[in-house]
Amino acid sequence: MVSSAMEEGLIYNIKLSSIGPGNVTVPDSIYEPENMDLAMKLHYLRCIYYFGNKAFEGLTPLVIKEPMFVWLNEFPVTSGRFRRTEAGRPYIKCNDSGVRFIEASCDKTLEEWLETKDDAHEKALVSSQIIGPELSFSPLVFIQLTKFKCGGTAVGLSWAHALGDAFSAARFMNQLGKTMDGNGPGRPIALAQSLTKSTSANIQPGDVEDPLSIKRVGPVGENWMKVTECNMNTFSFNIPGTQLSHLQSKLRREGAEFSPFEALSAVLWQCIAKIRGRGPKVVTICEKGKKNETDGTLGNGLNVSVVKAEFPIEEATPSELATLLKTRALDERKKIDQIMEKEQGLSDFIVYGANLTFVNLDEGNFYEFEYRGQKPVSFSLKIDGVGEEGAILVLPGDKNVCEGRKVTAILPENEITELKDELKREGLLA
Amino acid sequence: MPPSYWCGLLLQKRNSTFPAKRKPKQIMAPKLQDFSLSVKLKYVKLGYQYLVDNLLAFFLIPIIIALFLESLRLSPEEIIQFWDSMHLTSLHIICSLFLIIYTATFFFMSRPRTVYLIDYALFKPPQSLRVSFAGFMEHAHILLHDEPKSVDFQMRILERSGIGEETSFPPAMCFIPPAPTMRRSREEAELIIFSCMDSLFQKTGMRPRDIDILIVNCSLFSPTPSLTAMVINKYKMRSNIKSFNLSGMGCSAGLISIDLAKDLLQQHPNSNAVVISTEILTPNCYLGKERAMLLPNCLFRMGGAAVLLSNRWSERRRAKYVLSHVVRTHKGADDKSYNCIQQEEDSEGHVGIKLNKDLMAIAGEALKSNITTIGPLVLPASEQILFAFSLLRRKLFNPKLKPYIPDFKQAFEHFCIHAGGRAVIDELQKNLQLTAEQVEASRMTLHRFGNTSSSSLWYELSYIESKGRMRKGDRVWQIGFGSGFKCNSAVWKCNRDIITPVEGPWADCIDRYPVHIPEVVKL
């Protein structure tokens, strides 16, 4: 996929190769994704970690790749490829095909890039590939290393959401840093040798309604991407800690404290409602689940809940919306599991963008990815495959924005400019 | 050579039916009623072998005993009387003494210098260069997206190749598309050769300045300055070192280098020689779609070996092996043999190595020539006589009688067959009637390291050592095949027990071997 940055010649010297586990995975090993994983299969995380010049100084690509083979020993699933059972349910064959590795160079310095970057430019730093049209030859993970003129490096991770949520992806990358330091890898999960989920025993008769939080799409066949009618664009901005606490205190009511996520979501909900003029009355909230806290494995463990508003949104105050978000969220995970079970993983759904989705990633330890002791100076994350209702991601703030947050909005392109205006009016954007 | 074998050789040349298919050597199938008969015949054969192999001993021992008894019988005076009756003057005695001294000196001087193999070091590729089957197929699928038949062909080759999931490609070939450049070829050469040399110096305690002869063989990469010069420059070797760089000689070049080293060591007393055998894959990655030329891409992998040879008498204790024979056979005079492995351009201009379909048949012919020459050098007299008789019988009486295949298992304890591919090993196992254990080293080397060209024989030898099977006095037969078409053999004799664990590329995985290699691996 050629982005405008590549066309302009900003990114050049592109080389593709593959990296994989150094140890041989037991032949015929398979990994069967859970229902929640398959519900998320049309989404892709595109993360970019920016490092200063000390992190990768003096390292040739060969030297960089070497510890990655040790790192990937712990995650043989990421080097596998999707196949389908006879019934059609997707599973991953852990055949050591590998992770795609891309090397590139950029003529700008890191500072210049961070000053002038926008969504279109950032597309050049991370792969925009999807799974398909051939499942068995589509990598699930792409890692791109772009070297800036000053020696800084951008590490772009493209991650199939079917493998796991953003917290899993963060854990995956953080382990690379630990492997560089000599701590690891840990033991990989034991893989199965035969399929267990593909039997059609558990179809419950009777109607299981589609949950509100997901939307049926497709069928997409072997091209795992939902085609939207309009272009979805991304827009990010930082909110410093001071401004954030000011916002939180503004929203505080009757002694109820709102978390930064709730406060920001409420404000943005209202802004978007104003832009759209007529809602949305139902929003989805995705937050860190218990699975992410206890389990060390990869997987989709987000809590997915919906909030339904009974009153028109554009007339509500942000406090009311925040209260709704805090108190009236209905957990949908079980319903999603049931519908996926009924469909045997054969139908295609999207979660992000089925309704306006607020994703709480501010507890994500993305900044713990230390390469040779150096933390990233900046981090961005966006999601591909978001539906037309859009998604708002609340991420931890940039390193120099203490206690602040970074908000990334993924919306139809015509709504982005209007959102910017609204945010300026609210005083959140300079 | 015994006269019987000269006959055999003359008759052999006209006999073109060295059979490709071998029936079991048993006289008759062991049915119940014939079982006791076959056992009796086996013992008769054993007795015959002991008798003929030790014929000289059987003749001389009675004579010596008789003389000894006779001398005991005579009294000392009778012995002195016997001595005086010969009327030997001092001139006679002095001349006889000088004659004996001259003959002894002439005998010792004209004997060839013993060539000792002190030790050798092998290249172990880092994990980061590992190529999995699925990864290889995915790259092939992407590169030849418009040629599904070629991709399919590569998959079928890989499935049946006998190669495992731990073999390695050089970095340039891991790119999509492969990016072979001169610089990367040199880097690969430096990686392999320097790592082998460092390991060799560390194992043997030899210093670079002690090396008198340096031979490098690498068939498909021949830069200027040569790889030999690269080594001399890196290790700051002496200015009067004798260096030779052999290129273009195919997968059997390793043994050609050994032969050259052996000849040089006859000329130069008290010398050390280092032989480096490797194949640099980077410049030879085939980028086209011709099926006959895609085959090497599927089979060839990174590998290299450095061997330290010496003719110094001081090394006779610590040397691992002593070189007994090197036999080289070249079938280039025959057009078919010459053309069966050709490096050429395909219709689109991509350079690759084309392998002909009759490669196996030609290899069989070359092998036959080679063992005809090596047979008399290594087989015990009992086998040679049997073979000569069988030949005479077939020539004079009935050409339809099946020929007697000499039992090479009596001449050698271990076999190292070039791991050119599963077909090569299968063919040789059949032709030479070897057991599965005897070809195990070759099969396991093919599985773990792939076809590493001229260095594969050394990986196989290391396998046998790592398994603890190498004992003092064991004889090893290394057989290499290469373009031309050449078949070269070397025979080594083990000089000392080799105790495990053996430092080398097998150290961390020898316990997993042998593995069962299925006929077809499903990808």
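Below, each value reflects all heavy atoms present in this structure, side chains not excepted, and no hydrogens, waters or symmetry copies. Since we're looking at a predicted model, the values are computed, not measured. Labels below follow one simple rule: chain letters A, B, ... track the order of the sequence lines, proteins then strands, and each chain is numbered from 1.
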Student: Indicate whether any N or O donor in one side chain lies under 3.5 Å from an N or O acceptor in the other, for A:Asn23 and B:Gln127.
Tutor: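 A:Asn23 vs B:Gln127: donor-acceptor pair found between side chains.
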Student: Just how far is it from atom CD1 of B:Ile176 to atom CZ of A:Arg100, taken to the nearest 0.5 Å?
Tutor: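 Spacing of CD1 (B:Ile176) from CZ (A:Arg100) equals 4.0 Å.
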Student: Looking only at heavy atoms, what is the nearest atom pair of B:Phe175 and A:Ser17, with distance?
Tutor: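 Of all heavy-atom pairs spanning B:Phe175 and A:Ser17, the closest is CD2-CB, 3.8 Å.
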Student: Is the closest side-chain heavy-atom distance between A:Glu66 and B:Pro126 below 4.5 Å?
Tutor: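 The answer is yes, as the side chains (C-beta and beyond) meet within the 4.5 Å cut-off.
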Student: Which pair of heavy atoms, one from A:Ser136 and one from B:Glu138, lies closest together, and at what distance?
Tutor: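 For A:Ser136 and B:Glu138, the tightest heavy-atom pair comes out as O-OE1, 3.8 Å.
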Student: Does the side chain of B:His139 reach to within under 4.5 Å of the side chain of A:Phe137, using non-hydrogen atoms?
Tutor: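 No, every pair of side-chain atoms sits at 4.5 Å or beyond.
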Student: Minimum heavy-atom separation for A:Ser97 to B:Ala134, with atom names?
Tutor: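 Closest heavy-atom pair between A:Ser97 and B:Ala134: OG-CB, 3.1 Å.
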Student: Side chain, backbone, both or neither: which part of A:Ser79 has a non-hydrogen atom closer than 4.5 Å to chain B?
Tutor: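 For A:Ser79, neither part sits under 4.5 Å from chain B.
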Student: Out of curiosity, A:Ile19 CD1 to B:Cys174 SG, how far, rounded to the nearest 0.5 Å?
Tutor: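 Between atom CD1 of A:Ile19 and atom SG of B:Cys174 there are 11.5 Å.
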Student: Tell me if the CD atom of A:Gln193 is crowded by more than 12 foreign heavy atoms within 6.0 Å.
Tutor: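 Yes, enclosed.
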Student: Between A:Asn95, A:Asp28, A:Leu72, who has the most heavy-atom pairs with chain B when the cutoff is under 4.5 Å?
Tutor: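 The option with the most such pairs is A:Asn95.
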Student: With side chains defined as the heavy atoms from C-beta onward, is the minimum distance between B:Arg130 and A:Asp96 less than 4.5 Å?
Tutor: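 The answer is yes; the side chains approach within 4.5 Å.
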Student: Is there side-chain contact between A:Leu62 and B:Glu187, with at least one heavy-atom pair below 4.5 Å?
Tutor: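 No, too far: nothing below the 4.5 Å cut-off.
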